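Accompanying notes for the structure given below.
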Amino acid sequence: PQVNPDHAKYISGSTAGMLYLSNLERTFEGRNTGLIIVPCYYERLVTEWTPREQGGGLVASHDPNADIIGTARPNDRGQQILQNGHQLIDTAYHYVLVQDPESKVWHQAIMPLKSTALKASRRMNSTISTTMIPGTDKRAPRFLFKWRLTTQKEQKDQNIWSSPKLEQLDMVTADVYRAAKDYALVAAKGLLRRVAQESEMELETQK
């Protein structure tokens with residue numbers, strides 16, 4: 001809706017492929033410059049949703065190994081559907097710091113990746129898991145390096161959409177490292193999980 005001039009949530013000048021920070025209600029160029037982020041914490045959940053035609057809304061969050069996951073069956077669109085008609089969506093939640101390109105201020109954000117965006121999530125996690133602290137044989141913390149987040153066009157048949165692209169950059173400063181570590185400790189307690197899911201619900205209801 002932020003890129004639809006006829007929608008109440010439209011943000012002037014916004015177009016498809018841009019990045020949207022809901023907590024700031026601002027959009028940023030996505031194809032080339034993108035945004036600088038610092039990944040702080042990651043968790044994977046399988047979220048259970050009521051179908052949009054039935055009012056939509058988040059029902060519950062499940063561990064990927066929960067028994068209920070095995071009871072879902074794919075529909076004709078490949079969506080995983082439970083016996084009660086609810087849809088299961090595999091979601092990767094990345095808790096990140098995002099730098100405002102203009103003010104250079106860092107903001108806390110939550111980046112839920114799902115569907116085709118899970119490819120970018122897996123690539124980033126793979127890189128993080130094999131990155132070492134320079135000059136040592138110790139694995140680097142998730143928040144030791146900055147990343148550039150941009151978007152890229154994807155197409156299948158007549159469907160066209162934008163997917164995230166993530167590129168590892170240089171190391172963070174000591175101040176950013178401390179801020180990222182503090183954010184990771186809070187996220188690890190599960191205190192921000194509901195915030196992430198409420199944001200998802202809000203965006204879904206805007207469509």
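As the structure is a computational prediction, the values presented were derived from the model and not from experiment.
- When all heavy atoms of Thr47 and Tyr93 are compared, the pair lying nearest together is CG2-OH, 3.3 Å.
- Judged by distance alone, the side chain of Tyr95 and the main-chain N or O of Glu43 form no donor-acceptor pair under 3.5 Å.
- Clustering ILVMFWY residues whenever any of their side-chain heavy atoms sit less than 4.5 angstrom apart, transitively, puts Val176 in the very cluster that holds Ile36.
- Tyr183 and Leu192 get closest at one heavy-atom pair: CE1-CD1, 3.2 Å.
- Pro51 places none of its side-chain heavy atoms less than 4.5 Å from the side chain of Gln87.
- Checked by atom type and distance alone, the side chain of Ser126 never pairs as donor or acceptor with a backbone atom of Arg122 at under 3.5 Å.
- The nearest pair of heavy atoms linking Val3 to Ala16 is CG1-N, 3.9 Å.
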Q: List the steps and the verdict of side chain to side chain contact (heavy atoms under 4.5 Å, CB included) for Arg73 and Ile81.
A: CA-CA 5 Å; Arg73 297 292 180 267; Ile81 307 298; 5.9 Å; no
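- A continuous path of Ile, Leu, Val, Met, Phe, Trp and Tyr side chains, each step under 4.5 Å between heavy atoms, connects Ile133 with Phe145, placing both in one hydrophobic cluster.
- More than 12 non-hydrogen atoms from other residues, nucleotides or ligands lie less than 6.0 angstrom from CG of Asn84.
- Judged by distance alone, the side chains of Arg31 and Thr151 do bring a donor and an acceptor atom under 3.5 Å apart.
- Side-chain atoms of Lys146 and Asp170, non-hydrogen and from C-beta on, do get closer than 4.5 Å to each other.
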**Q.** Step-by-step side chain to side chain contact (heavy atoms under 4.5 Å, CB included) determination, Val186 to Gln108
**A.** CA-CA 11 Å; Val186 174; Gln108 295 178 352; over 6 Å; no
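- The side-chain contact (heavy atoms from CB on, under 4.5 Å) search around Ala180 returns Val38, Cys40, Leu97, Phe143, not counting sequence neighbours.
- Counting all heavy atoms, side chain and backbone alike, Pro101 lies closest to Phe28 at CD-CE2, 3.6 Å.
- No donor-acceptor pair closer than 3.5 Å links the side chain of Asp157 to the backbone N or O of Asn159.
- The line from CE of Met124 to CD of Gln168 is 10.0 Å long, rounded to the nearest 0.5 Å.
- No side-chain heavy atom of Trp147 sits under 4.5 Å from any side-chain heavy atom of Val96.
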(Q) Show, in sequence, the C-alpha distance, side-chain angles and deciding distance for Val98 and Ile37, and conclude whether the side chain to side chain contact (heavy atoms under 4.5 Å, CB included) test is met. (A) CA-CA 4 Å; Val98 184; Ile37 69 170; 4.0 Å; yes
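- At least one side-chain heavy atom of Asn125 sits less than 4.5 Å from a side-chain heavy atom of His94.
- Note on Met111 and Leu19: same hydrophobic cluster, where clusters join Ile, Leu, Val, Met, Phe, Trp and Tyr whose side-chain heavy atoms are under 4.5 Å apart, directly or indirectly.
- For Tyr20 against Arg26, the heavy-atom pair with the smallest separation is CD1-O, 3.4 Å.
- With a 4.5 Å cut-off on side-chain heavy atoms, Gln80 and Pro74 count as touching.
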Q: Verify side chain to side chain contact (heavy atoms under 4.5 Å, CB included) between Leu144 and Tyr177, making sure each step is shown before the conclusion.
A: CA-CA 6 Å; Leu144 185 60; Tyr177 181 91; 4.1 Å; yes
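- Between the CD1 atom in Ile160 and the CD atom in Gln155 there is a gap of 4.0 Å [rounded to 0.5 Å].
- Counting heavy atoms from C-beta on, the side chains of Leu166 and Arg123 never come closer than 4.5 Å.
- Annotation: the span from Glu167 atom CD to Thr150 atom OG1 amounts to 7.5 Å, rounded to 0.5 Å.
- Within the 4.5 Å cutoff, the side chain of Ile110 has no heavy atoms near those of the Tyr41 side chain.
- A pairwise comparison of heavy atoms in Trp161 and Ser163 identifies NE1-OG, 3.2 Å as the closest pair.
- From Ile11, atom CD1 reaches atom CD of Glu25 across 6.5 Å, with rounding to the nearest 0.5 Å.
- Considering only residues two or more places apart in sequence or on other chains, Asp6 meets the side-chain contact (heavy atoms from CB on, under 4.5 Å) condition with Asn4.
- The distance from the OG1 atom of Thr50 to the CG atom of Leu58 is 8.5 Å, given to the nearest 0.5 Å.
- The hydrophobic cluster containing Val59 does not contain Val46, counting ILVMFWY residues as joined when their side-chain heavy atoms lie under 4.5 angstrom apart, directly or transitively.
- Atom CH2 of residue Trp49 and atom CG of residue Leu88 lie 12.0 Å apart, to the nearest 0.5 angstrom.
- Proximity of Leu149 to Pro164: side-chain heavy atoms (C-beta onward) are separated by under 4.5 Å at one or more points.
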